[in-house]
Amino acid sequence: MRKLKAFILITFFIFILTGCETHKEISDLGMVSAIGIEKKDNKYFISVQVANIKKSTNMGTDNSSKVILYTGSGDTSFEAIRKVSTKSSKKLYFPHIKLIILSDEIINENPKQIIDFFSRDNEGNMNAYILVSNDYTPYEILSTITAFEDVPAEYIYNSLTLSEANYGNTHILTFEDYVNSLIKPGIDPVFTKVSLSSENGERKH
Amino acid sequence: MNINIEIKKLYSLKENMPDLVIREINLPRRQKVYILVIQTLTSEDKVNDFILKYFSNKDLFKNKTNIKKSISEFIPAINFHEINNYDEILNYLFNGFTVVLSNKFNASFETKALIDRAVSESSSEPSVRGPKDSFNENYQTNIGLIRRRIKDENLYLKEIVLGKKSKTRIGIMYMNGIASDDLIHEVCEKINNINIEYILDSYTIKELIKKENKTLFPTIASKEKPDEISVALLNGKIAIIVENSPNVLLIPTLFIDSFKNSEDYYEKSFYASFIRIIRVFAFFLAIFLPGFYLALITIDQQVLSSDLFINFASQSVAVPFPSVIEAILLTLTFEILYEGDSRTPTSRGASISILGALILGDAAVNAGLVSPIMVIIISISSICSLLFIFVDFQGAIRFWRYLCMILSSSFGLIGFIVSFTLLLINICSIKSFGIPYLVPYIPFYKKEALKDGIIRQESSTSKIDKDYMKGA
């Protein structure tokens, strides 16, 4: 009987002290598929592409877009990302992120903040591809509508993977590789550049 | 023993027991014989044809002075006992015997009535291809059904009478030489120590002789088919037959026995092995599927791929409850549905299934109370648990399913792994009457495992090697 009481007490305390701390309902999460970061006048501008999850109704096809684009700005990248919560009703959920599009200035000056933000996150997002965009701002790239895929980030992601396997002219840099190449001596990171090639918004690198 | 006192006592009993019939017969030479019968327990034909007919033939008694000799030698009844005291009279009367009392000699003859249902198909353990006869409530019939299949003199039967008010006969059957002696000794001792008022079904005995194991998994099985019991007896197990109960207990029962079915022996071994593997699969699905899904939905969404994430999320948006509540509600509703299905008479069974299908399948989803994927997962899990005919096993599955759901939804995939480990620890620590529960796999007996474990080989003529039943 004593053992049973001890057991009940311990389980009770487990639930009260830690609780279901990591409990998040799947419908409260906004799945981020791509993030674009640029820097102007010492301020960070962030645009985030979030999957638009609606009730699945059986009445025909709905013509609304499958993604929503949010922007936020702030003195640090962290503040900019958190500011997006003033516009979004769902908590940003980064583990499914596919692309990180950076602008030139960030890479040339000091990418310390960006690296910090992504590598210290406890949700796994080191598999995202890093891209650089020179001529167009990341915001413009993320807001183009693409063929085949509903989510533009997935289009870019799939196309990059395919062309690396079949064509061989592309080099994919995941965030993890980027951080590793910065740490190890003797290797420099090689970025892939993304830009819009026509008004239709075709991607070319 | 003085017959007049006995008869007076019996006449006084007759006030409150009107079916006790006492008949006086006057024989020549001033001898009197009393014939006692409890009418509801004996068959009138037998009493009239054999006993009364004999006594009405007065010629037989004309010149004989020795009643004992005439009764014991000339009445045509094969089961004949001599009575020595009053308790025995009542005992034999209640067992359906006809008691003949006279001054010098008392005897009883068996004239039992057939107030049982016929040997018919079992409703709870249907069989498609094999023999379909199943036990009924008559003690003699059950033993006969087993003896018919094992025509060997080594099939021993020990009878014990238990229960102060019910005086139920318990029969312990085993094959001498195949079953282990320690086991027989232990079982007999335990049954002899039972001190109880009445026994209505074999389940009471099961609870009383079960060892303290702290587990929900069954260590004693109850079966209704004689062919399964015969196979088990030949494999070294002990069968306990209880009067008035169609369930025969089997000791010891191992984990693997819940996955076996008698049908497996009457089909091609390839198919039987395949079905058994599917049953193992169904066991794991039934326990772990809802918990796994809950862990993925509520805590560890990182594991899902993007498409699944969007799919599940768009379904959960419509539901106003958190996923855990939804899962538990659905599971409870399924339990209620199954319970209602088994209790309604067949005349009303159709409406329950329609209600269940419509309400759960269609209306609840359309009303936005549950998401379709949750219905699919819970119904797969419930159907998988129905594969096991043995109800105790289903109860164990139920408990572990709820535990897995609670742990997974609170702690994610780690909670899921913890519940899996707990289940494994529980199963590995059970000992059924001294034999580890996971024989023949842990500890590994190669011959047994290959011959009749999950995989069934073709029947061979090899001798039965039952070392592992000798206990650990």
Side-chain angles (χ1 to χ4, degrees), chain A residues 3-4 7 11-34 49-59 62 64 66-68 89-99 121-128 149-151 153-155 157-158, chain B residues 212 214 291-328 362 365-374 377 402-403 405-416 418-419 422 426:
Chain A
K3 265 192 195 169
L4 184 65
F7 179 70
T11 45
F12 180 66
F13 280 131
I14 287 181
F15 279 100
I16 295 254
L17 288 177
T18 62
C20 310
E21 192 188 306
T22 46
H23 180 109
K24 17 187 203 301
E25 281 295 319
I26 202 172
S27 45
D28 297 335
L29 297 174
M31 180 181 102
V32 174
S33 36
Q49 197 176 74
V50 177
N52 183 15
I53 293 173
K54 287 187 168 176
K55 271 190 215 194
S56 58
T57 54
N58 293 335
M59 312 183 219
D62 67 64
S64 59
K66 296 289 170 106
V67 288
I68 304 177
S89 74
K90 295 189 196 266
K91 179 173 175 350
L92 293 183
Y93 190 63
F94 281 98
H96 286 99
I97 194 169
K98 295 227 162 66
L99 300 174
D121 202 357
N122 66 348
E123 295 169 347
N125 47 17
M126 303 288 270
N127 294 335
E149 307 274 353
D150 295 321
V151 179
E154 214 165 308
Y155 172 81
Y157 183 87
N158 287 342
Chain B
E212 296 300 319
K214 292 213 173 39
F292 187 61
Y293 175 70
L294 278 181
L296 285 186
I297 287 278
T298 51
I299 305 214
D300 277 320
Q301 293 96 348
Q302 303 177 33
V303 179
L304 298 171
S305 71
S306 315
D307 299 328
L308 274 182
F309 187 99
I310 298 181
N311 193 355
F312 292 160
S314 61
Q315 287 180 25
S316 309
V317 165
V319 175
F321 315 112
S323 310
V324 192
I325 309 274
E326 195 187 330
I328 292 185
D362 229 20
V365 171
N366 281 339
L369 285 176
V370 294
S371 57
I373 184 80
M374 190 64 82
I377 289 199
Y402 285 126
L403 186 71
M405 283 206 302
I406 292 176
L407 278 179
S408 314
S409 62
S410 317
F411 302 113
L413 280 179
I414 292 185
F416 176 74
V418 164
S419 74
L422 281 177
N426 197 346

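Protein chains get the first letters and strands the later ones, always in sequence-line order, with residue 1 at the start of each.
At a 4.5 Å heavy-atom cutoff, Leu296(B) makes no contact with chain A through either its backbone or its side chain.
Between Gln301(B) and His96(A), the closest heavy-atom pair is O-CE1, 3.4 Å. Smallest separation of non-hydrogen atoms from Ile299(B) and Lys24(A): O-NZ, 3.4 Å. Counting all heavy atoms, side chain and backbone alike, Met31(A) lies closest to Ser306(B) at CE-CB, 3.9 Å. Pairing each heavy atom of Ser316(B) with each of Ile26(A), the nearest pair is OG-CG2, 3.4 Å.
Two residues are said to be in side-chain contact when any heavy atoms from C-beta on lie closer than 4.5 Å; Val319(B) and Glu25(A) fail this criterion.
Environment of CD1 in Ile373(B): crowded, with over 12 heavy atoms of neighbouring residues, nucleotides or ligands closer than 6.0 Å.
With sequence neighbours left out, the side chain to side chain contact (heavy atoms under 4.5 Å, CB included) criterion links Asn125(A) to Phe94(A), Ile97(A), Phe118(A), Asp121(A). With sequence neighbours left out, Val365(B) forms a side chain to side chain contact (heavy atoms under 4.5 Å, CB included) with Val370(B), Pro372(B), Val375(B).
Phe411(B) and Phe15(A) have tilted rings, their planes meeting at an angle from 30° to 60° on a 0 to 90° scale.
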